[in-house]
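Okay, structure first, notes after.
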There are 2 protein chains.
Amino acid sequence: MEVKKRKRNTRQKAVIFQVVKDSHDHPTAEEIYERAKKEIPTLSLGTVYRVLKELASEGKIREIIVNKQSHFDRRTDFHHHFICRECGKIEDIETPLCRYTCRKVEQKGYIVDEIEYKFYGLCSKCAEKLDTNK
Amino acid sequence: MEVKKRKRNTRQKAVIFQVVKDSHDHPTAEEIYERAKKEIPTLSLGTVYRVLKELASEGKIREIIVNKQSHFDRRTDFHHHFICRECGKIEDIETPLCRYTCRKVEQKGYIVDEIEYKFYGLCSKCAEKLDTNK
DNA sequence: CAAGTTAATAATAACCATTACTGTTAAAGT
DNA sequence: ACTTTAACAGTAATGGTTATTATTAACTTG
Ligand SMILES: [Mn+2]
Ligand SMILES: [Mn+2]
Ligand SMILES: [Zn+2]
Ligand SMILES: [Zn+2]
């Protein structure tokens, strides 16, 4: 009863993937849409959402949610994020995995398949700006 | 020029606060609404949202966002969460603050005002269930 | 390579958690 | 009690995302 669907390689998917890979700023679907439209002016936002979800589930990119909005990350390796409350910038943070915590969770019989650390605050630029205005 | 607004103590706010304080399960606004309606049948969902936001900004409860949806936490002390992908349960995790990471961020001139760790996976119950079905 | 098949697309509507608006109610000060 | 106005109930609007559908184009087959 298994119907195998062969996947097609579309220009849309290739361009959207390339846009994310070329982005160093964790863009939203809308931002990716705007950038990809330069290449394919007829591109549809719905396609962008669908392809991004697909790429993420294939493990080729990562989805990161900030303030209830999806952003996309060209990096798929283990790292975390600092989010500036002032300018909204999302920056990568390299952090060693907290083995102590993982062991504790695993002792309860839980299976952890993803760990996410987020740090909120002010980036140096915004911290400085707010300091001088005071 | 300062116009001071005196706050009023309403039954709505008292009941909503009590519902959260009595909840051990990180309920959503909708769930809090359902529970509070037992006490105040005419309660409005909009009021629940507004009061929850107010209570959170007063530091009396905490908001925790999972899958782009707000949940509310009776606890306001430093702790983190495990989210089961199967049953959706949100469980508290006690974890020591990762000083190493914080120092690293602070060295960049950043100011961190909130740290959030989330662990996703399967709780023991769901892990067991999925194992026997296989 | 032309014709046929159907996965993926563009365009658009629907969804749903949350927020904004508006006329009414009631908490607190006098 | 009377007044003031913060907070309320009810409802409409918002916005990011997902679903639907007719059309297009990537791949298969002859
Ligand atoms: Mn990143
Ligand atoms: Mn908690
Ligand atoms: Zn900043
Ligand atoms: Zn579970």
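Here is how names work: the chains are called A, B, and so on, in the same order as the sequence lines, proteins then strands, and each is numbered from 1. Just so you know, these numbers come straight off a predicted model, no measurement behind them. Below, each value reflects all heavy atoms present in this structure, side chains not excepted, and no hydrogens, waters or symmetry copies.
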Scan A:T28 against the nucleic acid and name what it touches under 4.0 Å (heavy atoms): base, sugar-phosphate only, or nothing.
nothing

So, is B:T10 near the phosphate of D:dC8, with a side-chain N or O under 4.0 Å from OP1 or OP2?
yes

Between atom OH in A:Y33 and atom C1' in C:dT9, what is the gap in whole Å?
13 Å

B:H81 vs B:D73, side-chain hydrogen bond (donor to acceptor under 3.5 Å, both in side chains): CA-CA, chis, key distance, verdict:
CA-CA 11 Å; B:H81 297 94; B:D73 197 331; 3.0 Å; yes

Rounded to whole angstrom units, what separation is found between the CD atom of B:E58 and the C1' atom of D:dA7?
13 Å

Please find the pair of heavy atoms, one from B:P27 and one from B:I32, that lie closest to each other, and give the distance.
CG-CG1, 3.7 Å

Suppose we call a contact any N or O donor and acceptor under 3.5 Å apart; does that hold for the side chain of B:R8 and the base of D:dT5?
yes

Of D:dT28, D:dC8, C:dA10, the nucleotide closest to the side chain of A:R6 is D:dT28

What is the distance from CZ of B:F72 to C1' of C:dA17, rounded to the nearest Å?
11 Å

Rounded to the Å, how far apart are A:N9 CG and D:dC27 P?
5 Å

Below 30° counts as parallel, above 60° as perpendicular, anything between as tilted: where do the rings of A:Y110 and B:F82 land?
tilted

Heavy atoms from C-beta onward define the side chain here; which of D:dC8, C:dT18, D:dT18 lies closest to that of B:R50?
D:dC8

Residue mapping more 5' on DNA chain D - nearest nucleotide basis, A:K68 or A:Q12
A:K68

Report the distance from atom CD1 of B:I40 to atom P of D:dA9, rounded to the nearest whole Å.
7 Å

To the nearest angstrom, how far is B:L52 atom CG from C:dT18 atom C1'?
12 Å

Between B:Q69 and B:K7, who's closer to the 5' end of DNA chain C by nearest nucleotide?
B:Q69

Of all the heavy-atom pairs spanning A:I40 and A:R11, show the shortest one and how long it is.
CG1-NH2, 3.6 Å

Atom-to-atom span, NZ of A:K53 to P of C:dT9 - whole angstrom:
14 Å

Regarding C:dA11, can its base be found pairing with the side chain of A:S44 as donor and acceptor, where the two atoms are less than 3.5 Å apart?
yes

Atom CG of A:N67 and atom C1' of C:dT18 are separated, to the nearest Å, by 14 Å

Taking atom types as modelled, is there a side-chain donor on A:H80 or A:D92 under 3.5 Å from an acceptor on the other?
no

With a 4.0 Å cutoff (strictly under), does any side-chain N or O of A:Y49 reach OP1 or OP2 of D:dT18?
no

